[in-house]
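One structure is given below, encoded as structure tokens.
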Amino acid sequence: MNTELIRKYNVPGPRYTSYPTVPFWNEQEFTTTDWESTLISSFVESYADGISLYIHLPFCESLCTFCGCHKQITKRHDVEDPYIQTVLKEWQLYLDFLPLTPMIREIHLGGGTPTFFSTSNLERLINGILEKAELAEDYQFSFEGHPNNTSKEHLQTLYDLGFRRVSYGVQDYDPQVQFAINRIQPFENVKRVHDWSQEIGYTSINHDLVFGLPHQTRESIENTIEKTNELRPDRIAFYSYAHVPWMKGNGQRGFDEKDLPKDHEKRALYELGKHMFFENGYREIGMDHFALPSDSLYQAMKARDLHRNFMGYTSGSTKALIGLGLSAISDSWYSFAQNEKKLKDYRKQVEEGNLPVFRGHLLSTEDLLLRENILNIMCRFETEFEGDYPLFEMIKEDLEELVSDGLVHINGRKVTVTKEGIPFVRNICMAFDRKLQESKPRENLFSKTV
């Protein structure tokens, strides 16, 4: 890779699981009524495609200091039952105003630690969701499992409920790195749950790895990826560690800033990891994701069916995503809505019969146009801009530098990411992001390194 380009484009930027991104939501002009009306519209328009459900299960027994998720740290498992009751009541609030019985295409259990919950409570949750819904023929259920506490019973119970995809948070196998992020997780623990998953019949197993963690080196990344390849998961997510202790209180201050890889060192870790994935037969999927050619995510990319939303990349596309649980984000395509982040506030709203939405954004005509184009770039590495010629001219102007560096090709209104530009897809999307462009001086777009 061109190290000069790496330095030039090594700037902070969104992951574009939505557009507009959360910092640019117009919360003042958003109401829960907006959310309900736009959800009904997309629900009816795309009824045959079904809906997606994201269920946030926030409890963890210990704090991982690299984590930026909304979670509740507790060893008390008596929190499980009341939380599930509240989530099912929230689901009923949606059932009360949706005009037809929902058809579910996707369910994803995220967290927190979904496997914090007992198998009986997970079964009660999923059955409570499904008893008042229909299933699409090609439904996909997935969950995030913690290798230290995911039991064979967890895997079997969820498999029997229809789950076929599981994702394990690995991060890094180096003991010093694990100690720094408070995630002591030997390779043997990951191998055990991975082998159980294959034995039971899960068809897609993902491992999450993170680069840029404290004390991480080329040697630790090589060791982690070599061990990962021994198990050969179907998918690998290779995320950049975002050090934002000012947003998450003291939860990310379990180590010193000097322990973090510097800018060029961090990027070198990513390039090394990507090279090793390619050597091991994995294919690059959009941004930060890799999959074996046999996996459905790769097949979806080849068929141009790849989709991206708040759950990340998915092999199926739905217009309506309902988020249940505290802090969960929902997406009707025409608007976004986020639930209360504090457990007591979330529970209070649901108990009073209100959707627990505390903020959101109603997309404008321009937002919708830009959202479609950014989604195309993220999933297909190309887009053809339709409508609003002056808007395209502004985007084209902001792409000029990327074009001159050989990262993008423009033919008429068609924008194509070149092979050399794929590692910089986030930067390319930033040129389409009008809210981001308008919020900063133009000369600073590619000048501040991470």
Side-chain angles (χ1 to χ4, degrees), residues 10 15 60-69 71 73 110-113 115 144-150 166-195 197 205-245 248 251-280 282 284-285 287-291 312 423 450:
N10 185 25
R15 295 184 61 237
C60 300
E61 289 194 346
S62 62
L63 176 66
C64 301
T65 58
F66 71 90
C67 179
C69 300
K71 63 270 181 188
I73 308 302
T113 306
T115 46
E144 297 165 17
H146 193 314
N148 286 353
N149 69 9
T150 300
V166 57
S167 179
Y168 293 117
V170 174
Q171 327 321 338
D172 191 292
Y173 285 116
D174 184 85
Q176 186 180 17
V177 175
Q178 290 189 357
F179 180 80
I181 64 175
N182 196 35
R183 179 84 170 207
I184 309 303
Q185 184 173 273
F187 174 72
E188 291 71 24
N189 291 11
V190 179
K191 184 178 187 307
R192 181 176 62 244
V193 294
H194 183 99
D195 290 347
S197 302
I205 303 172
N206 176 77
H207 287 195
D208 283 348
L209 307 179
V210 177
F211 66 95
L213 292 170
H215 304 297
Q216 214 169 35
T217 63
R218 289 182 61 90
E219 291 72 24
S220 74
I221 284 287
E222 284 181 351
N223 177 62
T224 292
I225 295 177
E226 285 170 0
K227 280 182 160 47
T228 299
N229 195 49
E230 286 182 40
L231 302 180
R232 205 153 179 77
D234 304 280
R235 304 178 185 180
I236 297 171
F238 195 39
Y239 294 120
S240 170
Y241 166 62
H243 188 58
V244 288
K248 296 297 177 183
Q252 290 190 349
R253 290 212 180 269
F255 44 84
D256 198 286
E257 268 72 6
K258 66 180 177 56
D259 299 326
L260 297 168
K262 301 300 182 289
D263 300 337
H264 64 284
E265 297 171 335
K266 182 178 179 181
R267 183 69 193 205
L269 296 179
Y270 175 76
E271 297 302 328
L272 171 63
K274 184 170 76 168
H275 177 71
M276 292 182 71
F277 297 143
F278 290 162
E279 282 191 328
N280 292 326
Y282 288 89
E284 192 167 20
I285 309 294
M287 183 180 73
D288 303 334
H289 287 68
F290 301 84
V450 178

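Under the side-chain hydrogen bond (donor to acceptor under 3.5 Å, both in side chains) criterion, Glu61 pairs with His77, not counting sequence neighbours. Listed by chain and residue number, nothing satisfies the side-chain hydrogen bond (donor to acceptor under 3.5 Å, both in side chains) test with Glu230 (two or more places apart in sequence, or in another chain). By the salt bridge (Lys or Arg N to Asp or Glu O under 4.0 Å) test, Asp195 pairs with Lys191, sequence neighbours left out. Contacts of Ser62 classified as side-chain hydrogen bond (donor to acceptor under 3.5 Å, both in side chains), with partners at least two apart in sequence or in another chain: none. The side chain to side chain contact (heavy atoms under 4.5 Å, CB included) test applied to Arg192 returns Asn189, Trp196, not counting sequence neighbours. Partners of His194 by ring pair (Phe, Tyr, Trp, His ring centres under 6.0 Å), not counting sequence neighbours, listed by chain and number: His207. With sequence neighbours excluded, the residues that form a side chain to side chain contact (heavy atoms under 4.5 Å, CB included) with Asn223 are Tyr173, Lys227. Legend: residues meeting ring pair (Phe, Tyr, Trp, His ring centres under 6.0 Å) with Phe238, ordered by chain and number and at least two apart, are Phe211, Tyr270, Phe277. Among residues two or more places apart in sequence or in another chain, the side-chain hydrogen bond (donor to acceptor under 3.5 Å, both in side chains) test is passed with Tyr168 by Ser197. Partners of Ile184 under the side chain to side chain contact (heavy atoms under 4.5 Å, CB included) rule, at least two apart in sequence or in another chain, are Gln178, Phe179. Under the rule for a side chain to side chain contact (heavy atoms under 4.5 Å, CB included), the partners of Asp208 that lie at least two apart in sequence or sit in another chain are Ser167, Gln171, Asn206, Ala237, Tyr239.
Of all heavy-atom pairs between Lys266 and Pro261, the closest is N-CB, 4.0 Å. Closest approach of Pro214 to Val177, counting heavy atoms only: O-CG2, 3.5 Å. Minimum interatomic distance between Ile236 and Thr228 (heavy atoms only, all atoms of both residues): CD1-CG2, 3.9 Å. Of all heavy-atom pairs between Leu269 and Gly212, the closest is CD1-N, 4.0 Å. Closest non-hydrogen pair, Gly169 versus Arg183, comes out as O-NH2, 3.0 Å.
With values rounded to the nearest 0.5 angstrom, Asp172 atom CG is found 7.0 Å from Ile181 atom CD1. Here the CG atom belonging to Asp234 is positioned 6.0 Å from the CD1 atom belonging to Ile205, to the nearest 0.5 angstrom. Distance check, rounded to the nearest 0.5 Å: CD1 of Ile221 to CG of Leu272 gives 7.0 Å. Atom CD1 of Ile285 sits about 8.5 Å away from atom CZ of Arg235, to the nearest 0.5 Å. Residue Thr217 holds its OG1 atom at 10.0 Å from CD of Glu265, rounded to the nearest 0.5 Å.
For the residue pair Asp174/Gln216, the side-chain donor-acceptor check at 3.5 Å is not satisfied. Side-chain N/O atoms of His275 and Glu279 include a donor and acceptor closer than 3.5 Å.
Residues Glu284 and Lys274 form a side-chain contact, since some pair of their non-hydrogen atoms from C-beta on lies under 4.5 Å apart. Looking at heavy atoms from C-beta onward, Pro233 lies in side-chain contact with Tyr282 at the 4.5 angstrom threshold.
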Practice task
Report the C-alpha separation of Leu209 and Thr224 in whole Å, then their side-chain angles, then the decisive distance to 0.1 Å, and conclude whether the side-chain contact (heavy atoms from CB on, under 4.5 Å) test is met.
Solution key: CA-CA 8 Å; Leu209 307 179; Thr224 292; 3.9 Å; yes

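Sorted by first and then second residue, the salt bridge (charged side-chain N to carboxylate O under 4.0 Å, His left out) pairs with a member in residues 210-222 form an empty list; sequence neighbours excluded.
A donor-acceptor contact shorter than 3.5 Å is absent between the side chain of Asn148 and the backbone of Gln185.
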